[in-house]
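Both ligands and their constituent atoms are indexed starting at 1 by order of listing.
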Amino acid sequence: MKIYNTLSKRKEEFVPIEPGKVRMYVCGPTVYNFIHIGNARPMIIFDTVRRYFEYKGYEVNYVTNFTDVDDKIIKAALEEGVSSEEISTRYIAECKKDMEGLNVRPATTHPQATKEIDGMIDMISRLIDRDYAYAAADGTVYYRTRKFKDYGKLSHKNIDDLESGHRSIKVAGTEDKEDDLDFVLWKPKKEGEPFWVSPWCEGRPGWHIECSVMAKRYLGDEIDIHAGGEDLIFPHHENEIAQSEAANGCTFARYWMHNAFLNIDGQKMSKSLGNFRTVRDISENYDLQVLRFFMLSAHYRSPLNFSKDLMDAAANGLLRIRTGVEKLDLALEGPAGAAEGEADAEVLAALAELGKKFDDAMDDDFNTADASAALFEIIRLSNTTVTKENVNAATLKALLAKITELCDVLGIIPRAKKEILDEEVERLIAERTQARKEKNFARADEIREELLRQGIVLEDTRNGVTWKRS
Ligand code: AMP
Ligand code: ZN
């Protein structure tokens, strides 16, 4: 299995630190608004990477954070006249709803910066003890960038070039900074901002320290994979390396993966440019599975332009998969489903070969575009097999099992959600009422749960049962 490592600028064979296990950290969003579809790209890509590792038999410890203390959150809170916590809590909940819609599985842990302040104070103290950081007179703590000899190794930048680029900028209030390259680990509070008590001043952490601390706490000093969008390579990930490696005295992450941007009209989609579309907007016009399939239609290291044409192509692709699965479902319910006998050896061989094609594509730095092409070939094989006169159940089941398995790796749901009709709800409620009368509470509970799964919430009132769609 090969992964392109930003650190070496090469594809490298994946060797885990601990056999059979993957420790993976992905930088998550800053929560001050609904996430846009640019933010959804790393979420979908790295969720797929995680799913593929699991399909290959690895146990994945997947950590992705929410940045919930930041200038933009504080600004949004001031504008609305509410606390920063109210803003971040609201948008974490909204982000989780979008993730569910995109079929992005919850991480093993979703840490939040504001709940990890003690760990940040510990790591900053350790950096000061090791002379990698210093506190200025006003309580700001800076990282002494030049002391970290490997600075620039991820972004392939030379530290002297960086300095000449920085020299002209002098920011007021930073007079105590020893070097323009030094970056902030802790900063004093300003009026009206959230703050925490620290040995240096009442204040709040810089952005970079949170990821170093959360990765250490939930995954250990050395991790397998660290990932995020390519805009994070410099300075965020470079600074994370400097912090973690100086504090822990070992390599931080072995493989660094970065997705290219999602663009719109040839420009990066971003909140600051104002050219973004939220996942929530898109969900009004499309099944979010289409958005997911669209993201997987390109290699993650290639820029991808958001366009109606590509979304329509993704919608067609998804429909092709779902139609193929529907044909198999129907055939298995019909006469072919009853046909006995062993699975057709020729079909099984073709299926194994196409399955290998899928795996080979994913093994080659997660080439989801080629993997999807292999899946379409399986759909084609399935469509021709299903119409054969003497096809038996075992053959159809083998096709269905493989398609379902590979869809799951890509996070694609192979059957469209069927809206339950009002009449069907009424019929089940009547059946439940009858079951309760007969004291068959197990059946009554089963019906309530089944309806809940389909988004129908029941309420028992004095005047009988009412229901609503959630
Ligand atoms: P942010 O909330 O800006 O810190 O972004 C959260 C994640 O989304 C980071 O991994 C970013 O690199 C990524 N990201 C932001 N905008 C885009 C974009 N247009 N395309 C791809 N990834 C993006
Ligand atoms: Zn980060």
Practice prompt. Please report which non-hydrogen protein atom sits nearest to atom 12 (O) of ligand 1, along with the residue it belongs to and the distance in Å to one decimal place.
Written response: Asp231 OD1, 2.4 Å

Fill in: Basic-acidic side-chain contact under 4.0 Å: Glu79, Lys75
yes

Practice prompt. Verify, without hydrogens or angle tests, whether Arg144 (side chain) and Asp131 (backbone) share a donor-acceptor contact under 3.5 angstrom.
Written response: yes

Worksheet item: Non-hydrogen atoms of His258 versus ligand 1: any pair closer than 4.0 Å?
Response: no

Discussion item. Need the ligand 1 atom indices (1-based, order shown) with element for anything under 4.0 Å from a heavy-atom of Lys268.
Written reply: 16 (N), 19 (N)

Worksheet entry | Side-chain donor-acceptor pair present, Asp138, Thr140, cut-off under 3.5 Å | yes

Worksheet, complete the sentence: One finds that the ligand 1 atoms under 4.0 Å from a non-hydrogen atom of Cys27 are 10 (O)

Item to complete: May I ask you to check if any N/O/S atom from His237 comes under 2.8 Å of the Zn ion (ligand 2)?
Response: no

Worksheet item: the Zn ion (ligand 2) is nearest to which N, O or S atom of Glu240?
Response: OE2

Practice prompt. Decide whether the shortest distance between a heavy atom of Ser270 and an atom of ligand 1 is less than 4.0 Å.
Written response: no

Worksheet item: Nearest to atom 16 (N) of ligand 1, what protein heavy atom do you find, and at what distance?
Response: His36 CE1, 3.5 Å

Worksheet item: Please state which protein non-hydrogen atom is closest to atom 15 (C) of ligand 1 and give its distance, to 0.1 Å?
Response: Asn39 ND2, 3.4 Å

Worksheet item: Is ligand 1 under 4.0 Å from a heavy atom in the side chain of Leu232, in the backbone, in both, or in neither?
Response: side chain

Worksheet, complete the sentence: ligand 1 to Met269, heavy atom cutoff 4.0 Å, flagged ligand atoms 16 (N), 18 (C), 19 (N)

Fill in: Metal site angle (apex the Zn ion (ligand 2)), NE2 from His236 and SG from Cys211, 10 degrees
110°

Worksheet item: Which ligand 1 atoms, with their elements, are less than 4.0 angstrom from a heavy-atom of Asn259?
Response: 21 (C), 22 (N)

Item to complete: Could you tell me whether Lys271 approaches ligand 1 through its side chain, its backbone, both or neither, with non-hydrogen atoms closer than 4.0 Å?
Response: neither

Discussion item. For Thr30, which part has a heavy atom under 4.0 Å from ligand 1: side chain, backbone, both, or neither?
Written reply: both

Worksheet item: Between Glu193 and Lys187, does at least one N-O distance fall below 4.0 Å, as a salt bridge requires?
Response: no

Worksheet entry | Taking atom 20 (N) of ligand 1 as the reference point, the nearest protein heavy atom with its distance | Leu262 N, 2.7 Å

Worksheet entry | Cationic N near anionic O, under 4.0 Å, Lys96 to Glu100 | no

Worksheet, complete the sentence: In this structure, atom 22 (N) of ligand 1 is nearest to the protein heavy atom Gly38 O, 3.2 Å

Practice prompt. Salt-bridge test for Asp364 and Lys11: reply yes if a basic N is under 4.0 Å from a carboxylate O, no otherwise.
Written response: yes

Worksheet item: Does the distance from a Lys or Arg side-chain N to an Asp or Glu carboxylate O, for Arg126 and Asp122, drop under 4.0 Å?
Response: no

Response to the item:
Here the atoms of ligand 1 under 4.0 Å from any heavy atom belonging to Gly229 are 10 (O), 12 (O)

Discussion item. What I want to find out is whether Lys115 reaches Asp68 closely enough, with some N-O distance under 4.0 Å, to be called a salt bridge.
Written reply: no

Worksheet entry | NZ/NE/NH1/NH2 to OD/OE distance under 4.0 Å, Arg146 and Asp160 | yes

Worksheet item: Under 4.0 Å between a Lys/Arg side-chain N and an Asp/Glu carboxylate O for Glu94 and Lys97?
Response: yes

Worksheet, complete the sentence: For atom 13 (C) of ligand 1, the closest protein heavy atom turns out to be Pro42 CG, 3.7 Å

Fill in: Atom indices of ligand 1, in the order listed, that fall short of 4.0 Å to a heavy atom of Ala260
21 (C)

Practice prompt. Give the C-alpha distance, both sets of side-chain angles, the deciding distance and a yes or no for salt bridge (Lys or Arg N to Asp or Glu O under 4.0 Å) between Asp329 and Arg322.
Written response: CA-CA 10 Å; Asp329 283 343; Arg322 288 182 169 172; over 6 Å; no

Discussion item. Working note: Tyr62 + Asp47, criterion side chain to side chain donor-acceptor pair (under 3.5 Å); need CA distance, chi angles, decisive distance, verdict.
Written reply: CA-CA 9 Å; Tyr62 188 92; Asp47 175 64; 5.9 Å; no

